[in-house]
Amino acid sequence: MSKKFKDHAPTIQQIQADNLSQLATKFWAPNPPKPHASYDPKVIDTVYQDEINREKSSVRRIMLLEFSQFLENYLGQITTQQRNYTNLWVSRKVVVFTAYGIANKKADGQMATKSHVLSIAAMVNEKFREAVPAWEACKAKPDHFPEFFKKVMELSLVEGEEKVTLKEKTLLLTFLMHCFNSLVCDSPINYWCGLGSVSNKEIESDLKKICEGAGAKTGFPPDVDLPLTGTTRGRIENFFQISEFWKVVKKNDAKADDQTKSKNDKERRFLANLIQHFYGILDAISDKDTVDMNKVHYCERFIELMVDLEAQLPTRRFFNAVLDDAHLVVRCSLSNLSKRPEGKLFVELLDMLKFYSGFEIKDSTGTALTDHEMTDIHYDRMASLQRAAFKLFPDLRHFAMSNISSIDTRKTLSAHFEKLSARDLTALPLICISYRLSVMRRNNQHQGIPPRAHGCLALPKLNLQFLTIHDYLLRNFNLFRLESTYEIRQDVEDAISRLKPCRAEDDSTLFQGWARMAQPVTAFSVVEVAKPISERTILRLYGPTSPSLSMSGNRSKENGKYQLDMNRTAEDSTEDVYQSFNVVMRRKPKENNFKAVLETIRDLMNNDCVVPDWLHDIILGYGDPGAAHYSKMEKTISCLDWNDTFLSINHLKSSFPGYTVRVTTSNPSEQKPPFRITFPEPSNTKKRKHDSKEEPTTAPKMELVVEPHVIPNRGPYPYNQPKRNSILFTPTQIEAIKAGMQPGLTMVVGPPGTGKTDVAVQIISNIYHNFPNQRTLIVTHSNQALNQLFEKIMALDVDERHLLRLGHGEEALETEKNFSRYGRVSYVLSQRLALLKEVERLQESLNVLGDVAYTCETAGHFYLYQVVARWEKFLSKVRPKVAKAGSVESIKEYFPFHKYFSNAPQPVFKGKSFAEDMDIAEGCYRHIKKIFQQLEEFRAFELLRSGRDRSKYLLIKEAKIIAMTCTHAALKRRDLVEVDFPYDNILMEESAQILEIETFIPLLLQSLFTRFVRLGVPTVDLDAQGRARPSIACLYNWRYKKLGNLPHITSLPEYKKANPGFGFDYQLINVDDFNGVGESEPNPYFYQNLAEAEYVVAVFMYMRLQGYPAENISILTTYNGQKHLIRDIINQRCAENPLIGIPSKVTTVDRFQGQQNDYILLSLVRSRVVGHLRDVRRLVVAMSRARLGLYVFARVSLFQNCYELAPAFRLLMSRPVHLHLAPVETFPPRRRVDQNPPGPRLVIEDMPHMAQFVYDFYQDKIREIEAKIGFERRHAFLSKPPKRRGPPQVKPPGDPEEGDNTPMEEDKMEAVETSQAAVKEEDSSKMPEHPGVDSSDSEGEDTATIKAKGGTEEITEKS
């Protein structure tokens, strides 16, 4: 590891000793040791000049500023002698502008200091870089943001390097980009700029600013009135709404005074003036001299801002007028920077701007344009140019009369116009008329992997809004391509570094190392090149390496790449690259699926219509966010069968508090589930004027019509009884289930433990019973979540023949049944044989001759001519005559299937009433009828002979509920489309974890869910959790609007009892450095913390010695490196000890999402910077996994100052940060929560103290066992004595990791070999020592050093 990498992160002591940290502690940092000093504006100037704006500013210094809450606690601090929030010009007062720190000085009109404004912009930029909420500090006073934003615009246009440097202007451009990209989310800019709003009143002011600014800057020849597409006049005439607003703009300007006109004109011309300012900087770059990189960076950020404005419909529809008038793309293409090597990124961004400026979309309506429509636009532009040339220049008559297809190339246009003077060309309203390929054609020309690129790349952004579906897919396509390329390059670099190549004496390459994923080859040759098939060249490769390895077989190179390489080799006389191959490398299957995903996205882009109309605008981020809600859909279903959703009529009534419930029967004994509910039709709000007087003053209360009904008897066998739901759903959960049963988009937002999975399962069950012909597709992010959901569906009243689980991971289902595609085929075939045996038994019971149970077809004839006939004869005999009651005895006497149902529980008929026995008889017939219905469905499997055909038929005809992961949906989409796989509903579990494109691919056969929430799509927010103690739930319920507790949280005994042996049910335990070492990083991003790992394991051992079941304890951490370290420690100290054992799971927080356990030990690892835990969502997941006990091990001084995590750590800090134990208590719990533990509490000072205590506690337990069962039996009980071992070695991140989602006992973790001198047999009464037992010894220091080195050496030596 390089020294640079080791020194990358300072220690906590270095951070605290830093001048900036001391300054923050004195003036604004949270939790100061003494009160803050009074506000001093000079501090802001000092910090800005010394830290933010210095010549070589450090990103880490700015990170430290942002982390210390400089923006929230100081730049927004109120320090004023006179609070004036209405006027920035304050006479003889010094005012710091609330929430934005706009400082105003004295009466001379001097505005806010530049340092103050730029410091705010820098802090906001840093928050965006770290992907944390950036506008939270500005939401308190959003009405103050306009003045601050105006100051930003002024500083962006200041001339002169001495006033505002290019570096500072680049910072402001970055801030403007973030502002425009936040138009549609909840940011302060929305209160000033209505571009992202659908309200006409809000966007009117901006239309005035931008439209008139474009109109004022767009020049028309005075004697020519041409409706040229692309000019302001043409845009206004083609867009009715803008035309109307244009009239309002003119009318308002006529009434405005000179000061208002000047102000409006300044705002309207901002973008146009910014472009001119950019031209001045761009033109200052010469083609030969040394270029100032600050100028290059400014130009890059400016083009990036222009791309952002063009890539969003609310801004591009107005900004295009300014862009066309300024000829920005053309002028940048002709600039010196575009020809210099320093302008590589500038050129890439310019290409992106050129792409979006001519994107196939109608700006006025936002609809995508087809190839035919784009051709028409191109011809209209050319025709307009021809008319102008015909009228203004007689010498261009030949050009004006020519066929458009013969003159629309650059060559022909240059030939015609080169005869004109520069003045003539200026007078001619030239526009961009070049013809280019459509998005789909360009996309189809892309190779699977992009060419090698160095340096910074121009990446497309995944914003909240997209222009079209093709734009959405294209951005994801390009990003996924680049990401795949980067991952492949990383794998290649890793494999080569492990092979350790060097140059031999004979100038050949010698490999001195070994890699599991790569193998050197001694020769490689192409022995056959087959004829291209479907644009593919098939090569037969042969590459012997040794007697144990040879490669032969078919490989493909797309688009004749091999032939192109050979032609290039022949032309340039270069080396044949295929002859130089000397390494063969492989990748993990899960990582090597990029090609299938890219092909899937490409296929989607080539489809014309890929999403339903009602969802189209919402996916793009436009229109009414609630338009897809079921209440606004046209085909809302008023009457639905709720099956087993409700447990009783009282449960139903309590679930609809806003409705009056009317039950169709008044008999209480008949008011039992299941219920059919008819909802009232939505009232029509559009009333006629003459009816308005007749409307009542108060609207009537909505009424539900509830109809109880009885599920038809399914047969006399116990397994015929339907499975029922036992969950008492809350009103909010019922609303989510109701929305899910209706057409449209339903989004359920639920904090941890609120029953999201149970709601999803009930929605699926209700859809299954209400719409038996519909098919539901279930998609999840992980196999584990999919299996959990699938197992709950199996427990409901769903016929298992209608269930299908696709993809890998099915074997992890906790059932002996096989729900995979071929497993379901086997089930159908075996079920067919079983049903035919039932037919044979029925035939014998009816004394019918012949082989009727040979096939499904013969069984169908038997049913039609023998079974149905007997049933109809039975009905004719027992059916009651007119005005006569039916006879109970007649049912038993004439029932034709007595012998067949002789194996059912007897007696079949009770003989109490005619209605009851008739219902039983009908149930028996339904049982028989179902047999023949299933055989009719299985008949196709007799005709289809191959397993592939049978599995396809099962997929598209038989299965009603199909489950798969996002990855499987992406990989197999083409196969699913080929078999015409249909579905009516789609349910996405874990949708907040699913990436946008992963969500979109299965839908079409940042997450999309999160983007919908940010766009304001209506959600159902579950508001009651049923997992954790109320005290533990308080650690994360602040994140949600109103999160309460379900009744069982306070009523069940386990929640009323305290955790034995602990002073608190949750606690934050401070962990200091051990031997001067906190977090370590043996490999990049492979973080470990030895002190926390030892502390966590010690607490686990203590809990086991107290009697806690191992399966009730899980150990979580936030990094993979720490997970491996804890697992190794447990393997060496606990796994072989029958008194301790191993916990249920040791895994990362991300892997444990969706799971829970009674007791959680959580290690946060980091001691220098907070890291990715600053993402509040990850913190919520970490805090919400525990039901009864949560113990967090962390560096308190670091995490208590994190602004995003402050609410949770404020609660954690309210309790002591040293572990409090009550050793006299043992499991199971007996003490109530409100009682103090018996005896004195033991306060653990640090990790060595805990290690020594557990060691002594273990010895006491051994002595107790000796006293109870004797030494001999105790020796036999501890048959495998623990060993004193060396420090555990670290598993490198590159090693395969089995069982991340499985318990530790299934992980098959093996202890790493250590030196024989370090492995000593100990007496069985001794416990393995912790490193902290003798921390003063040098041995402890060696332990920490060996651990870090051991991990590094293993990574070097092993793959």
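Starting from 1, each residue takes its place in the sequence as its number. Note that the coordinates shown come from a computational prediction; the quantities given were computed from them, not determined experimentally.
With values rounded to the nearest 0.5 angstrom, D1158 atom CG is found 4.5 Å from N1112 atom CG. In this structure, the separation between SG on C1034 and CG on N1045 is 7.5 Å, given to the nearest 0.5 Å. Going from atom CG of L1198 over to atom CG of L1164 covers 9.5 Å, rounded to the nearest 0.5 Å. For the atom pair CG of D1073 and CG of L1090, the computed distance is 11.0 Å after rounding to the nearest 0.5 Å. One finds the CD atom of Q762 at 10.5 Å from the CD atom of Q733 (value rounded to the nearest 0.5 Å). Here the CG-OG distance, from L647 to S726, works out to 7.5 Å after rounding to the nearest 0.5 Å.
Between the side chains of Q1252 and D1256, at least one donor N or O lies within less than 3.5 Å of an accepting N or O. Side-chain contact of N1059 with Y1191: a donor-acceptor pair under 3.5 Å is present, judged by distance alone. The closest side-chain donor-acceptor pair between D1072 and N1070 falls under 3.5 angstrom. Side chains of E989 and T757: a donor on one and an acceptor on the other come within 3.5 Å. There is no side-chain donor-acceptor pair under 3.5 Å between R1185 and Q1156. Judged purely by distance below 3.5 Å, without hydrogens or angles, the side chains of S1163 and Q1122 pair a donor atom with an acceptor atom. Donor-acceptor pairing under 3.5 Å is recorded for the side chains of N1137 and Y1258.
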(message) Between V1149 and L1162, does the side-chain contact (heavy atoms from CB on, under 4.5 Å) criterion hold? Intermediate values first, please.
(response) CA-CA 9 Å; V1149 171; L1162 175 62; 3.9 Å; yes
(request) Could you please spell out the steps behind the side-chain contact (heavy atoms from CB on, under 4.5 Å) verdict for L1212 and Y1066? (result) CA-CA 8 Å; L1212 290 169; Y1066 73 82; 3.6 Å; yes
(message) If you apply the rule side-chain contact (heavy atoms from CB on, under 4.5 Å), what do you find for T1148 with T1118, and how did you get there?
(response) CA-CA 5 Å; T1148 60; T1118 50; over 6 Å; no
(message) Assess the residue pair E1111 and K1145 against the criterion (salt bridge (charged side-chain N to carboxylate O under 4.0 Å, His left out)); give the C-alpha distance rounded to whole Å, side-chain angles, the decisive distance to 0.1 Å, and a yes or no.
(response) CA-CA 8 Å; E1111 62 270 14; K1145 285 190 178 181; over 6 Å; no
(request) List the steps and the verdict of side-chain contact (heavy atoms from CB on, under 4.5 Å) for I1130 and V1146. (result) CA-CA 9 Å; I1130 288 177; V1146 176; 3.8 Å; yes
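The nearest pair of heavy atoms linking P1229 to K1057 is CB-CB, 3.7 Å. Nearest approach of Y1040 to P752, heavy atoms of both residues: OH-CD, 3.4 Å. Shortest non-hydrogen contact noted between N1236 and R1231 is O-CD, 3.3 Å. Residues V1071 and A1091 share a closest heavy-atom pair of CG1-CB, 3.7 Å. The shortest non-hydrogen separation linking S1184 to V1180 is OG-O, 2.6 Å. Between P1082 and Q1088, the shortest heavy-atom contact is CG-OE1, 3.8 Å.
At a threshold of 4.5 Å between non-hydrogen side-chain atoms, the residues L789 and V761 count as touching. Side-chain atoms of W1038 and V1176, non-hydrogen and from C-beta on, do get closer than 4.5 Å to each other. Residues Q788 and Q1155 form a side-chain contact, since some pair of their non-hydrogen atoms from C-beta on lies under 4.5 Å apart. The closest side-chain heavy-atom distance from P1223 to F1253 is below 4.5 Å. Using a 4.5 Å heavy-atom threshold, the side chains of L1179 and F1209 count as touching. Counting heavy atoms from C-beta on, the side chains of D1246 and H1249 come closer than 4.5 Å. Residues N1120 and Y1087 are not in side-chain contact: their nearest non-hydrogen atoms beyond the backbone lie 4.5 Å or more apart. Between R1178 and D1150, some side-chain heavy-atom pair lies under the 4.5 Å cut-off.
R1027 contributes no side-chain N or O that, together with a main-chain N or O of T754, makes up a donor-acceptor pair within less than 3.5 Å. Remark: the backbone N or O of V1170 is not paired with any side-chain donor or acceptor of R1166 at under 3.5 angstrom. Of the possible polar contacts, one joining the E1092 side chain to the V1165 backbone as a donor-acceptor pair under 3.5 Å is found. In terms of modelled atom types and a separation under 3.5 Å, the side chain of Q1025 and the main chain of A1033 share no donor-acceptor contact. Within the 3.5 Å criterion, the main-chain N or O of T730 finds no donor-acceptor partner in the side chain of H651. Under the 3.5 Å distance criterion, the side-chain polar atoms of S1167 are matched with a main-chain donor or acceptor of E1079. At distances below 3.5 Å, at least one donor-acceptor pair connects side-chain atoms of K723 with backbone N or O atoms of M794. A distance-only check finds no donor-acceptor pair linking the side chain of K756 to the backbone of L1022 [under 3.5 Å]. Remark: the backbone N or O of R1232 is paired with a side-chain donor or acceptor of Q1235 at under 3.5 angstrom.
For the pair R1241 and F1062, the cation-pi criterion (under 6.0 Å, within 45° of the ring axis) is not fulfilled.
Take Q1106 and apply the side-chain contact (heavy atoms from CB on, under 4.5 Å) test, not counting sequence neighbours, and it matches Y1102, Y1108, T1226, F1257, K1261. In terms of the side-chain hydrogen bond (donor to acceptor under 3.5 Å, both in side chains) criterion, residue partners of E1054 (sequence neighbours excluded) are, by chain and number, R1187. Residues passing the side-chain hydrogen bond (donor to acceptor under 3.5 Å, both in side chains) test with N725, sequence neighbours excluded: none.
Ionic pairing of D1021 and K1042 is not present here: no N-O contact between side-chain nitrogen and carboxylate oxygen is shorter than 4.0 angstrom. Salt-bridge formation is detected for the pair D1065/R1215: a Lys NZ or Arg NE/NH1/NH2 atom is positioned less than 4.0 Å from an Asp or Glu carboxylate oxygen.
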